[in-house]
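In listed order, ligands and their atoms are each counted from 1. Since this is a predicted model, take the numbers as computed values, not measurements.
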Amino acid sequence: MKKAVIKSILIFLLASSIFLTNCNSPMHPQNLGEYLQDLFISNDVVLDEDDFLEPVDNLYLAYAKILGLIPSSYRSGDRITEKTAEQISDDLLAVRDKLLLDGLYGKIDMHEHYRKNGSIDTFLKAAGCFGISRVVFLPTGSPPDNHGYQANWESMLEQLQQPYGDRIIPFCTIDEADPNAAELVEQYIQEGARGLKLIGGHPDFYDEPLNSENMYKVYQVAAKYDIPVLLHGSIMTIEGLKEQLEQVYSDFPEVTFIHAHYCSTIMSGINLDVCAELLDKYPNLYIDLSMGGGIARYHKYLRQDLAKIKNFVVAYQDRILFGSDIILGLSETKDFNWLYERIKCDIDLHEKAEYTCEFGESDRDHEGFNLDKEILKKLYYENPKKVLGF
Ligand SMILES: [Zn+2]
């Protein structure tokens with residue numbers, strides 16, 4: 001009995017001391033908005049309204065959210081403690097030298113993969129350094145039938161509840177051979193999916209035709225809820241796939257399709273004419289420029305004929321989306337620095353005339369597209385906005 005009383009007194013004292021510590025943490029004299037502005041400017045980070053891809057109320061508050069220094073729910077007039085202010089300052093200093101200072105803020109990244117145990121938080125922090133504010137994550141599973149995708153989807157739904165959750169644009173995925181695929185897509189949309197990723201048409205995955213009766217039910221759901229469909233589609237190497245997809249693109253003109261990786265036409269030679277033909281024929285078709293694990297192979301073709309590839313990007317600037325195609329959760333080596341360096345390759349390829357990047361190649365010097373700001377705005381924001389229906 002006596003022991004129990006002492007125990008409860010101890011618990012009471014411990015609880016009160018935690019309470020008092022919190023109460024004693026002094027408030028910072030400025031509100032959050034004022035504090036952030038002073039903090040950034042004193043670190044030579046001076047922001048310009050024109051560099052934001054969408055209008056924001058407070059430039060510094062918006063940038064602090066993109067960098068993951070504060071949760072998305074914080075407001076400019078919020079009061080913060082000295083301790084919080086100090087933490088924000090430490091976190092900014094940790095990435096200060098990595099910040100893209102003359103770039104665009106509010107970029108939308110349209111192609112990254114999420115697997116259970118991957119760190120979206122770390123990805124968003126690395127991506128934030130380049131002004132990427134929101135990211136499409138795809139909960140794809142493993143070959144040959146996309147198994148494990150449901151656990152990845154469940155885990156992504158939990159991620160949406162985190163302080164950075166509103167920076168995630170969740171897409172769902174399916175097994176194309178599953179007779180319940182259409183019902184499942186409908187369920188995932190109700191749970192929050194903003195798009196659908198098909199893994200069929202990838203050489204490592206199940207070769208279920210993408211124009212099957214089963215898949216037509218899936219496209220009907222995409223049409224009903226007006227969600228985009230992203231697909232890998234190796235049309236140069238998988239026989240008959242181009243014809244299947246053409247039938248789908250033409251039978252569902254109301255559905256926006258995104259054929260990833262330049263329609264998978266610079267993976268075994270430069271066959272961009274085939275991609276151009278598809279884009280000309282199907283106005284509901286978009287592409288992305290993601291390079292993923294095949295970055296060394298893309299670099300080989302970029303070196304071979306950069307002018308041709310750049311001309312294609314300029315010609316189809318209204319139909320192109322930005323993304324890296326990194327698979328989170330696959331490897332422990334994908335820490336902040338790895339992610340930062342990998343995303344940097346894509347950003348630099350788009351924005352610079354020359355850049356260095358090395359992922360398994362002997363020569364790290366590359367020529368980039370050096371695209372005009374107006375084109376970059378389309379790739380990073382205006383085209384994603386159209387596709388996602390913002
Ligand atoms: Zn991918």
If the condition is disulfide (SG to SG under 2.5 Å), which residues does Cys129 pass it with, not counting sequence neighbours?
none

At less than 2.8 Å, how many protein N/O/S atoms surround the Zn ion (ligand 1)? Leave waters out.
3

Could you please spell out the steps behind the side-chain contact (heavy atoms from CB on, under 4.5 Å) verdict for Thr122 and Trp338?
CA-CA 10 Å; Thr122 309; Trp338 188 96; over 6 Å; no

Would you list the pairs meeting side chain to side chain donor-acceptor pair (under 3.5 Å) in which at least one residue belongs to residues 153-173, sequence neighbours left out?
Ser72-Asp166, Tyr114-Ser155, Asn146-Thr173, Trp153-Glu191, Gln159-Tyr164

Distance-only donor-acceptor pairs under 3.5 Å for side chains of residues 228-238, two or more places apart:
unit_1 : atom_1 : unit_2 : atom_2 : d
His232 : ND1    : His261 : NE2    : 3.2
His232 : NE2    : Ser234 : OG     : 3.2

Just one of Lys107, Lys373, Lys377 clears the salt bridge (Lys or Arg N to Asp or Glu O under 4.0 Å) bar with Glu351, so which one?
Lys107

Does Tyr340 belong to the same Ile/Leu/Val/Met/Phe/Trp/Tyr cluster as Leu101, with side-chain heavy atoms less than 4.5 Å apart forming each link?
yes

